[in-house]
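Read the structure below first, then the notes.
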Amino acid sequence: MSVVRPPDDIGSGQSRPDGNAQVIFLAMGYPYVVMALNAARSLRASGTNAHLKLITNLPIRRILRQDQAVFDSVEAVDCETDTNRWIKTSIIHRAEGDWNAFLDCDVEVLAPLNPVLSLLENFDVAARNLPFETKANVVLETGRSILDLSMSEVNTGVVFFRRSAGAIDLFDRWHRNFLEGGHPRDQPSFLKALLEARETRFLALPPMWNATPFKIVDLAQMKRTPDKIRILHYRDPTFWPTVAPRLAAAHDEAVFELTHPSSSFVEQRENYADVARRYRSPLFQHAAGRVSMYLMRRLTKDHKGARIRVYGLKKVPVPVE
């Protein structure tokens with residue numbers, strides 16, 4: 001059984017809550033495992049004191065990097081990649097810490113998470129609101145539409161939570177809403193759950209604890225005060241190219257121990273080699289270079305490469321002749 005480490009103190013003179021801290025990554029498919037490896041590297045470098053858990057649908061027992069295990073525990077699940085949100089919305093029931101954080105794989109942690117984890121002594125769940133109104137037409141139990149309320153969604157790519165009654169109530173509502181709502185994204189169902197929850201103590205985090213480099217979200221502030229970024233939610237190296245070589249390094253350096261031989265794993269890793277090659281190229285650091293690299297794959301009729309773009313095996317909506 002893995003040892004789960006307790007969170008550090010917030011600072012001098014402030015108490016540390018009794019219990020354990022865990023950070024969970026959900027990586028369905030090899031490209032997301034690579035992003036999780038990079039996120040875990042950044043988490044260790046930030047000084048965060050927590051147990052790191054990876055949940056994946058690949059038959060992985062352990063991942064080594066520089067002869068050290070990257071994650072303290074790995075849970076392999078037998079499900080398709082496109083069911084990842086079924087697990088995400090009920091992630092609290094796979095958490096083993098008293099104080100937990102769920103992080104999307106496409107993040108880099110630039111500051112210790114323990115200060116926020118320690119705040120969960122007084123809150124059940126913490127995440128950030130998005131700075132614009134939702135367009136999802138979701139109806140509450142009262143019959144009121146969220147659209148009429150002009151509410152903004154909560155970015156569920158970074159969620160801190162306790163295993164408390166209030167948090168369990170919120171997550172159970174979120175999971176049920178997602179399964180019943182039929183919406184492809186999970187954030188509208190989270191907002192509905194939050195507005196209907198009876199006893200959840202929710203802490204709204206400031207933007208830099210989940211900073212996204214989109215103009216409509218945080219790009220201006222990120223450029224103005226980059227030193228204030230606590231968690232970089234880059235979404236794709238196209239939007240924050242300096243991440244690209246670190247993803248390539250994660251792919252190159254990782255040593256995988258599998259629970260059993262898997263042709264699917266081998267194929268996914270081989271396909272990602274082309275993505276890693278592009279990430280290592282100095283051309284990727286320039287917009288014109290990224291465009292030219294993409295067009296070259298199209299001109300050479302590299303259909304598979306053209307569809308890969310920057311998400312590995314995930315296809316992009318570009319027609320191929």
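Here, residue 1 is the first one in the sequence, and each next residue gets the next number.
With rounding to the nearest 0.5 angstrom, the CD atom of E199 is 9.5 Å from the CD1 atom of I168. The distance from the OG1 atom of T212 to the CG atom of L232 is 8.5 Å, given to the nearest 0.5 Å. The line from CZ of F284 to OG1 of T242 is 10.5 Å long, rounded to the nearest 0.5 Å. Distance check, rounded to the nearest 0.5 Å: CD1 of I63 to CG of L258 gives 9.5 Å. We find the CD1-CZ distance between I87 and R94 to be 5.0 Å, quoted to the nearest 0.5 Å. Considering CD of Q187 and CH2 of W174, their distance stands at 8.5 Å, rounded to 0.5 Å.
The two atoms that bring L117 and A21 nearest to each other are CD1-CB, 3.9 Å, heavy atoms only. Listed here is the closest heavy atom pair of A276 and H251: CB-CD2, 3.6 Å. Contact between G97 and Q22 at its shortest, heavy atoms only, is N-OE1, 3.8 Å. Heavy atoms only, all atoms of each residue included: Q285 and P245 are closest at NE2-CD, 3.6 Å. When all heavy atoms of P241 and R290 are compared, the closest pair comes out as CG-NH1, 3.1 Å. The minimum heavy-atom distance between P207 and D218, with the atom names listed, is CB-OD1, 3.7 Å.
Two residues are said to be in side-chain contact when any heavy atoms from C-beta on lie closer than 4.5 Å; L52 and R44 meet this criterion. Contact of the F160 side chain with the N100 side chain is not registered, since no non-hydrogen atoms from C-beta on lie closer than 4.5 Å. For the pair E141/R173, a side-chain contact is recorded, criterion being any heavy-atom separation below 4.5 Å from C-beta on. The shortest distance between side-chain heavy atoms of L194 and L170 falls below 4.5 Å. Within the 4.5 Å cutoff, side-chain heavy atoms of I60 are placed close to those of F256. Counting only heavy atoms from C-beta outward, the side chains of V23 and L113 approach each other to under 4.5 Å. Counting heavy atoms from C-beta outward, E96 and H51 have side chains that approach closer than 4.5 Å. Residues V125 and L120 fail the side-chain proximity criterion, which asks for heavy atoms closer than 4.5 Å.
In terms of modelled atom types and a separation under 3.5 Å, the side chain of T134 and the main chain of S152 share no donor-acceptor contact. With hydrogens and angles disregarded, no donor-acceptor distance shorter than 3.5 Å links the side chain of E153 to the backbone of L191. D124 places a side-chain N or O within 3.5 Å of a backbone atom of R201 that can act as its donor or acceptor partner. With hydrogens and angles disregarded, a donor-acceptor distance shorter than 3.5 Å links the side chain of N114 to the backbone of N49. Checked by atom type and distance alone, the side chain of T200 never pairs as donor or acceptor with a backbone atom of F202 at under 3.5 Å. In this structure, K215 contributes its side chain and A220 its backbone to no donor-acceptor pair below 3.5 Å. Between the side chain of S46 and the backbone N or O of T48, at least one donor-acceptor pair lies under 3.5 Å. Here the side chain of D169 pairs no donor or acceptor atom with the backbone of G166 at under 3.5 angstrom.
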Going through the checks in order, is the side chain to side chain contact (heavy atoms under 4.5 Å, CB included) test met by V217 and F132?
CA-CA 8 Å; V217 189; F132 49 84; 4.0 Å; yes

Pair F239, Y234 - check ring pair (Phe, Tyr, Trp, His ring centres under 6.0 Å), show working.
CA-CA 6 Å; F239 308 117; Y234 58 87; 9.5 Å; no

Check the pair S145, V138 against side chain to side chain contact (heavy atoms under 4.5 Å, CB included), reporting the backbone distance first and the verdict last.
CA-CA 6 Å; S145 170; V138 177; over 6 Å; no

As a quick check of understanding, evaluate side chain to side chain contact (heavy atoms under 4.5 Å, CB included) for E75 and L54, giving each step before the final call.
CA-CA 6 Å; E75 179 183 348; L54 175 71; over 6 Å; no

M28 vs C79, side chain to side chain contact (heavy atoms under 4.5 Å, CB included): CA-CA, chis, key distance, verdict:
CA-CA 9 Å; M28 308 294 271; C79 58; 3.2 Å; yes

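No continuous path of ILVMFWY side-chain contacts below 4.5 Å connects L195 to F190, so the two sit in separate hydrophobic clusters. No continuous path of ILVMFWY side-chain contacts below 4.5 Å connects F178 to V159, so the two sit in separate hydrophobic clusters. If you chain together hydrophobic residues whose side chains sit under 4.5 Å apart, V243 and W209 fall into the same group. Criterion: ILVMFWY side-chain heavy atoms under 4.5 Å apart, direct or through other members. Under it, L26 and Y32 are not part of a common hydrophobic cluster. Under the 4.5 Å side-chain heavy-atom criterion for grouping Ile, Leu, Val, Met, Phe, Trp and Tyr, I231 is connected to L205 within one hydrophobic cluster.
Sorted by first then second residue, the side chain to side chain donor-acceptor pair (under 3.5 Å) pairs that include residues 79-91, not counting sequence neighbours, are N57-T81, R85-D186, K88-T156, K88-D186, T89-H175.
Counting only N and O atoms by type, the side chains of N38 and E108 include a donor and acceptor under 3.5 Å apart. Checked by atom type, the side-chain pair H93/D172 shows a donor-acceptor distance below 3.5 Å. When only modelled atom types and interatomic distance are considered, H233 and D106 share a side-chain donor-acceptor pair under 3.5 Å. For the residue pair E267 / S263, no side-chain donor-acceptor distance below 3.5 Å is found, with atom types taken as modelled.
Look at D98 and R163 and you find a salt bridge, because one of the NZ, NE, NH1 or NH2 atoms lies within 4.0 Å of a carboxylate O, short of that distance. Residues D252 and R280 are paired through a salt bridge, judged by an N-O separation under 4.0 Å between the basic side chain and the carboxylate.
With R41 as the fixed residue, the side-chain contact (heavy atoms from CB on, under 4.5 Å) test singles out one of Q66, E253, R246: R246. When each of N210, V109, I24 is paired with L103, the side-chain contact (heavy atoms from CB on, under 4.5 Å) condition holds for V109 and for no other. Each of F171, F102, F123 was evaluated against F161; a single residue qualifies, F171, per the ring pair (Phe, Tyr, Trp, His ring centres under 6.0 Å) test.
R162 forms a cation-pi arrangement with W99, by the criterion of a distance under 6.0 Å to the ring centre and an angle within 45° of the ring axis. Taking the centre and axis of the six-membered ring of Y30, the NZ or CZ atom of R269 falls outside the cone set by 45° and 6.0 Å.
Within 6.0 Å of atom CZ in R185, more than 12 heavy atoms from other residues, nucleotides or ligands are found, so the atom counts as buried in its surroundings. The neighbour count for D78 CG, taken as heavy atoms of other residues, nucleotides or ligands under 6.0 Å away, does not exceed 12.
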